[in-house]
Undergrad: 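Below you'll find the structure I mean.
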Amino acid sequence: MDAERDLNRLRPRRRAFFSIMRRGRARPAPPEEPPRAEPRRPRPTLGLVLGGGAARGLAHIGVLNTLAEAGIMPDVIAGTSIGAVVGGCHACGKLEAIETWARRLNRRRLLGLMDVSLAGGLVSGERLARLLVREIGDLDIESLPCTFAAIATELGTGNEVWLTRGGLVPAMRASYALPGVFPPVRIAGRWLVDGALVDPVPVSAARALGARLVIAVNLNTETLGGRGGVVPAFGTDGTEGGEKVRRRQQRASTFRQDRLTRRRLLETQSGVPGLPTVMVEAYSVMQDRISRSRLAGDPPDVLIGPKVGRIGLFDFHRAAETIEAGRIATEAALPDIKAALAALA
């Protein structure tokens, strides 16, 4: 009985002791949950459309550089003519090399690239093709990190051809093969020429290739004095004559024929445009009309229009000025591009 009474007396003390021990023992803090990251909204597939425009197409370099600086990289590139050349160089990582080459161009070097040949065009284009092969190599379109299409036109049928596989350099050549200046290019049994004959700004191609948001660069938005209007009353004032033309023909006989032909490719200073200038300017009028029609039916989400109206179609020696025009136009369009990306995300 005494032992049981002593045990009952000790039990509250034992319970108090162990209670104190439990309170004094530090409990491990619960593990902190890692902060939950907000779900990242996928960026819409971005398509970049680069239009044709001969030397004015060097503005595409400024466009691409500015977009890259803003962290905007296209998933799809569709280009026509010079747009296919610049877009293809960007897709294969050679844009900087082409820009360096373009900035070094002057009239003398430009004339050196013009290998005169009357087989299908005034210029064979072999020297320019060798330059592209040297920089790009034997690269296939399928190996590019983004989807790429060069737009060309099939002779005879007038089909619009999207070159999306095979050799990159042949696709570029076909896309810029301006009729009368460069010979047509034969690819897989089809004779192909400049894609601007059918689609100077190929927005529809970029969308068909998967682009959800399309940014287009149109090099014909700025026209000096207006284009496509009507001159209702016009005619000779009686002062025109053929004396200047006759003097030019006499001086022309002093040059060798091949040298004379090269000079005529760029000659505009004397007031008489060279033969390619006449063809390209007439071609540019047609291209402008086609662009207006196709862009009205399938407009891009954002349109960039570099102010290159004062750049002649053969003024490749004015590369720095043209590239800067592309940069300025793209910087002005960046807020619209970012707003469109945010809206579609």
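Computed over heavy atoms, backbone and side chain alike; hydrogens, waters and symmetry mates excluded. Just so it is clear, the model here is predicted, and its values are computed rather than measured.
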Undergrad: Does the side chain of R173 reach to within under 4.5 Å of the side chain of L192, using non-hydrogen atoms?
TA: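 No - every pair of side-chain heavy atoms lies 4.5 Å or more apart.
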Undergrad: When you compare the side chain of L144 with that of L139, does any pair of heavy atoms fall below 4.5 Å?
TA: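 Side chain of L139 against side chain of L144, heavy atoms only: contact under 4.5 Å found.
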Undergrad: Going through the checks in order, is the side chain to side chain contact (heavy atoms under 4.5 Å, CB included) test met by W191 and V185?
TA: CA-CA 6 Å; W191 285 106; V185 177; 5.9 Å; no
Undergrad: For the side chain of D140 and the backbone of E142, is there at least one donor-acceptor N/O pair under 3.5 Å apart?
TA: no
Undergrad: Measuring from atom CD of E135 to atom CG of L95, what distance do you get when rounded to the nearest 0.5 angstrom?
TA: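 The CD atom of E135 sits 11.5 Å away from the CG atom of L95.
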Undergrad: When you measure from the side chain of S175 to the backbone of A171, do you find a donor-acceptor pair of N or O atoms at a distance under 3.5 Å?
TA: no
Undergrad: Sub-3.5 Å donor-acceptor pair from the side chain of H90 to the main-chain atoms of I61, do we have one?
TA: no
Undergrad: Side chains of S204 and D199, heavy atoms from C-beta outward: is any pair under 4.5 Å?
TA: yes
Undergrad: Check whether any side-chain heavy atom of I136 sits under 4.5 Å from a side-chain heavy atom of C89, and report yes or no.
TA: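 Yes, close enough: below the 4.5 Å cut-off.
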Undergrad: Any side-chain heavy atom of I215 sitting closer than 4.5 Å to one from L46?
TA: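 Touching, per the 4.5 Å side-chain cut-off.
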Undergrad: Using a 4.5 Å cut-off on heavy atoms from C-beta on, say whether the side chain of L219 contacts that of P306.
TA: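 Heavy-atom side-chain distance check passes, below 4.5 Å.
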Undergrad: When you check the gap from the basic side-chain N to the acidic O, do R318 and E324 get nearer than 4.0 Å?
TA: no
Undergrad: Distance check, rounded to the nearest 0.5 Å: T153 atom OG1 versus D194 atom CG?
TA: 6.5 Å
Undergrad: Going through the distances and angles, do L341 and L213 end up as a side chain to side chain contact (heavy atoms under 4.5 Å, CB included)?
TA: CA-CA 7 Å; L341 285 170; L213 174 66; 3.3 Å; yes
Undergrad: Under a 4.0 Å threshold between the charged nitrogen and the carboxylate oxygen, would R294 count as salt-bridged to E160?
TA: yes
Undergrad: To the nearest 0.5 Å, how far apart are CG in L67 and CZ in R327?
TA: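 Output value for this atom pair is 12.5 Å.
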Undergrad: Distance check, rounded to the nearest 0.5 Å: F148 atom CZ versus L48 atom CG?
TA: 11.0 Å
Undergrad: Hey, are the side chains of N220 and V201 touching, using non-hydrogen atoms and a 4.5 Å cut-off?
TA: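 Side chain of N220 against side chain of V201, heavy atoms only: no contact under 4.5 Å found.
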Undergrad: May I ask you to decide if A59's main-chain N or O and T322's side chain share a donor-acceptor pair within less than 3.5 Å?
TA: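 No, because the side chain of T322 does not come within donor-acceptor range (under 3.5 Å) of the backbone of A59.
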Undergrad: Nearest 0.5 Å, please: how far is CD in E69 from CG in L334?
TA: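 Separation between the atoms: 9.5 Å.
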Undergrad: Which residues pass the side chain to side chain contact (heavy atoms under 4.5 Å, CB included) test with R207, sequence neighbours left out?
TA: V203, V214, D298, D301
Undergrad: Is the shortest heavy-atom distance from the side chain of E321 to the side chain of D315 under 4.5 Å?
TA: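 They are not in contact (no side-chain heavy atoms under 4.5 Å apart), so the answer is no.
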Undergrad: State the CZ-CG distance between R56 and L313, to the nearest 0.5 angstrom.
TA: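 One finds 4.0 Å between CZ of R56 and CG of L313.
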